[in-house]
Protein chains: 2
Amino acid sequence: MATFPTSKEGFIYSPDAGLHPGLATEGAIRPLTSFASASSARPFDTIVIGAGYAGLTAARDLTLAGQKVLLLDARDRIGGRTWTSQVDGEKYEMGGTWIHWQMGFVWREITRYGLERRLKVTPNAEFADYAFNKTTFNGKVLQEPFVPNFQMCEDAFKRFVDVDGQGGATVIAVPTQVVAGQFVDDRLVDKYDRMSIADRIAEVRAKNICSERELAFLVPWFVLSWGARPENASMLELIKWARHGENSFALLADNQFADGQSHFAKCFFDEALETGNLAYSLETVVRKVVDRHGSVEVVTDKGSFKANKVVSTLPSNVAAKVEEAFSKQHVGQGHKIHSRVAAPQLRSGVWNAWNEDPSDPVELAAAFGDQTLKDGTVAVVAFGGGNSVGNQPSSDPTKIKRWLATVDPELSEHYLSSVWHEWVADPYAQGHWCMYGPRYYTSYFKELQKPHGNVEWASADWADGWKSFIDGAIEQGSKAAYRITREWRRPPQQARL
Amino acid sequence: MATFPTSKEGFIYSPDAGLHPGLATEGAIRPLTSFASASSARPFDTIVIGAGYAGLTAARDLTLAGQKVLLLDARDRIGGRTWTSQVDGEKYEMGGTWIHWQMGFVWREITRYGLERRLKVTPNAEFADYAFNKTTFNGKVLQEPFVPNFQMCEDAFKRFVDVDGQGGATVIAVPTQVVAGQFVDDRLVDKYDRMSIADRIAEVRAKNICSERELAFLVPWFVLSWGARPENASMLELIKWARHGENSFALLADNQFADGQSHFAKCFFDEALETGNLAYSLETVVRKVVDRHGSVEVVTDKGSFKANKVVSTLPSNVAAKVEEAFSKQHVGQGHKIHSRVAAPQLRSGVWNAWNEDPSDPVELAAAFGDQTLKDGTVAVVAFGGGNSVGNQPSSDPTKIKRWLATVDPELSEHYLSSVWHEWVADPYAQGHWCMYGPRYYTSYFKELQKPHGNVEWASADWADGWKSFIDGAIEQGSKAAYRITREWRRPPQQARL
């Protein structure tokens, strides 16, 4: 097992050893910069701000095309909101995780880098199949077999999203066109963008579209997905998800990387480095981006850099600080916590927990068995919840065990330790994957996608396709690099005079 | 409407004007070569044989990476087995047509080139929805409403492919890994590769898995898809298709390009040209590829060219002539014929026709309304059938009307004219999209994918993912270019001494 450098990011905790920040990861690039000092840096064709997948893709495509590129990131590692920690020889996905062959941009890269034969598929040889260990919804506890219930979830999900008798196809004909494009019906888009998932739950109840038992399984899954309460989740976004996957509930969580996301991210980085066209500087915080006289200056805590173009991949919650147009934060404010439990049978566990009463602070909305570790213990990954702002575990890590007890006492009984990243408290993320509240799409999406002078804004947060997924980040990086390269190869006539 | 050059390929026929070969297309590149004579050609890093999507992708990626590339094609146009003819201002897809956002490689390119807003989605504003006009199966005629029947087809299809009670997931866990990879169970793969679709039909009948009525709709669709009789179609390939799309029957035919496939192909070509690194020569027939002393010579009817690497994208049926390993032809031997009919209501038509008795020569297995033309007539596209080798329409185009009459007399009553490409008679294709018969996967797939010295074989015909689709061609071109570029950037140590 390779030994990787330690990032300052992430936490590990166990009752015996206590809390420790910083975890090893293949994404920690050393040395932190490719040049001795800022003053020695040459002028660049393009500066890419952010080394998550959007930035890595843009930097790779631009350097492959022959541009001289500088890649900047505030963190001491690449990968942005996606990275893999390594603890005692075990890998944990700290943020973005899931990949699927129906996600075009990411699958292209996976097969291009030959990683399609290094997958973990769920379920796998480790265990037969999942079981719903416990579902707690509005104070009621259900304990039921998984296989028929999973089919029930599939069916109930289809009914839940079927707002038009055509699975949402009249609202979103092509899921890569939501508020702009050829097939957009402004009236319907506006209607469903005003509707929250809580509004739809009320409608579904009023019209008996789904039973309470079905909602007990669906609603916590919505909370997990948005990292937000259903009142703060956009129904339009749910319809878009459904349309992407032909209304299948299953496909969003089928495959992970055996070698971890950070290994995948490193493939982009290494390919860019090999061109000889990439300079990079990690732990470099961007203070200001000044676009004038046809070039852009990027002012950082390590000095200023100039280029013809900038690709900014800052998440929308961070960009809020940079430009006033990004003033409304997205709602993805949940936990993701891996916990080791000394109970091999929990590998098959699936748990749901939610209470619609906002006075009941349900921190973890869902959990499932994620991997069996070499020592025979099981890692369960738990997500929450939209109640968790300002309630991060590092302030008192003993609360993790208490939170797990509310999901299922069996989890806390066998509790050993946890690893996690506090995305909500992370100054460079300020949330996990980006999820929209009601009226975000219709108010901001077009503006976010617009080019702004010589600055391209590229982020999964406003991807056309799998928005908020790794796929969307790669899409955005690809598109930004494509536009810049085309313009670069075809200089305007006046520039030639 | 732009006027495009005329290719020698394709046919147009009407009873009044008679038969004429040659159709205009955006894919016809003029001039035919980018250099005055072969002797003036510089040495190349890579020669790409074939300007279909695999070759266009390889040439584009390699030129973007800085390689000097020569692109050769025997035809007078780019696009290979996919091209769009333009007749009286109307566009017809002569070969490959369908695209979907669940096909990763092609969707990346569509969004990269900004074409995701130039789609035709089915159904669209032109007509409300499809109707099954007529289904003829084993001599029995069914005329039934479409919407419930379509759902019936979806359900019946799921049962037909569900050989293991898990939708085929135990046979093919990940659809990009069939005979090689991490999740391959050789025993099951072998079992279903020996099974033809006809064998499965017999099993489905014996076990009452599908009704005769359901089979009447499904079987002609299999014949259309394979361009072959069910005895000659591999059940393993059908399971792979089903797994790709989460067992949805619908997704394979949702979207076309408003501007035609040839416009899309031209985007790749133009991007490669703009790098300044692309030379090309159309109407140039490759005679021999000689790989020795670490470089490759490509002997053509226009002279010889040398390069360090060759990417050959010849379809497997053509490659059969070049290398003995490609000795078994694939079974995709059907028709694709567009016919204008003076009956606007047929825009919604869907027809199926098949007879399991091989003595009944059913030439057209399926047809559907494809577009309403500017003059109010409707273009119906018809496919067949696996009986059609040596029975091409150009020898006697009046038979098209007779064939249509066997599908539905309404089609021949209103018949006006046809356009088509004879893929089976085409020396550079020898078949349409590539479909495997039983035992092809287990016998040939690994060999086809192997690198052969300095020659990379790249074709949709042996893609890992959407094999036989445009997506698979782009996949193969991307992978070949990636492997060549990585090796090119990292010269072996001995080369440096």
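Below, chains carry the letters A, B, ... as their sequence lines are ordered, and counting in each starts from 1.
Ranked by non-hydrogen atom pairs under 4.5 Å with chain B, the options A/G66, A/S478, A/P175 are led by A/P175. Of all the listed residues (B/R483, B/R112, B/E475), the one sharing the greatest number of non-hydrogen pairs under 4.5 Å with chain A is B/R112.
Of the inter-residue distances, the one linking A/W101 atom CH2 with B/Q102 atom CD reads 11.0 Å to the nearest 0.5 angstrom. Note that the OH atom of B/Y482 and the OH atom of A/Y113 stand 5.5 Å from one another [nearest 0.5 Å].
Only the side chain of B/Q177 comes within less than 4.5 Å of a heavy atom in chain A; its backbone stays farther off. With a 4.5 angstrom heavy-atom cutoff, B/L119 touches chain A via backbone and side-chain atoms both. Only the backbone of B/R118 comes within contact range of chain A, with heavy atoms under 4.5 Å apart. Proximity to chain B (any heavy atom under 4.5 Å) is shown, for A/V106, by neither the backbone nor the side chain. For chain A, the nearby parts of B/A180 are the backbone and the side chain; heavy atoms of each come within less than 4.5 Å. Contacts between A/A169 and chain B at a heavy-atom distance below 4.5 Å are absent for every atom of the residue.
Using a 4.0 Å cut-off between charged side-chain N and carboxylate O, A/E274 and B/R486 make a salt bridge. No salt bridge links A/K479 with B/E109; every basic N to acidic carboxylate O contact stays at or beyond 4.0 Å. With respect to the salt-bridge test (charged N to carboxylate O, under 4.0 angstrom), the residues B/D61 and A/R108 qualify.
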### Task
Show your working on side-chain contact (heavy atoms from CB on, under 4.5 Å) between B/R489 and A/L64 and close with a plain yes or no.
CA-CA 11 Å; B/R489 288 223 165 86; A/L64 281 176; 3.2 Å; yes
#### Entry: Evaluation steps, side-chain contact (heavy atoms from CB on, under 4.5 Å), between B/D464 and A/T111
CA-CA 9 Å; B/D464 283 310; A/T111 57; 5.9 Å; no
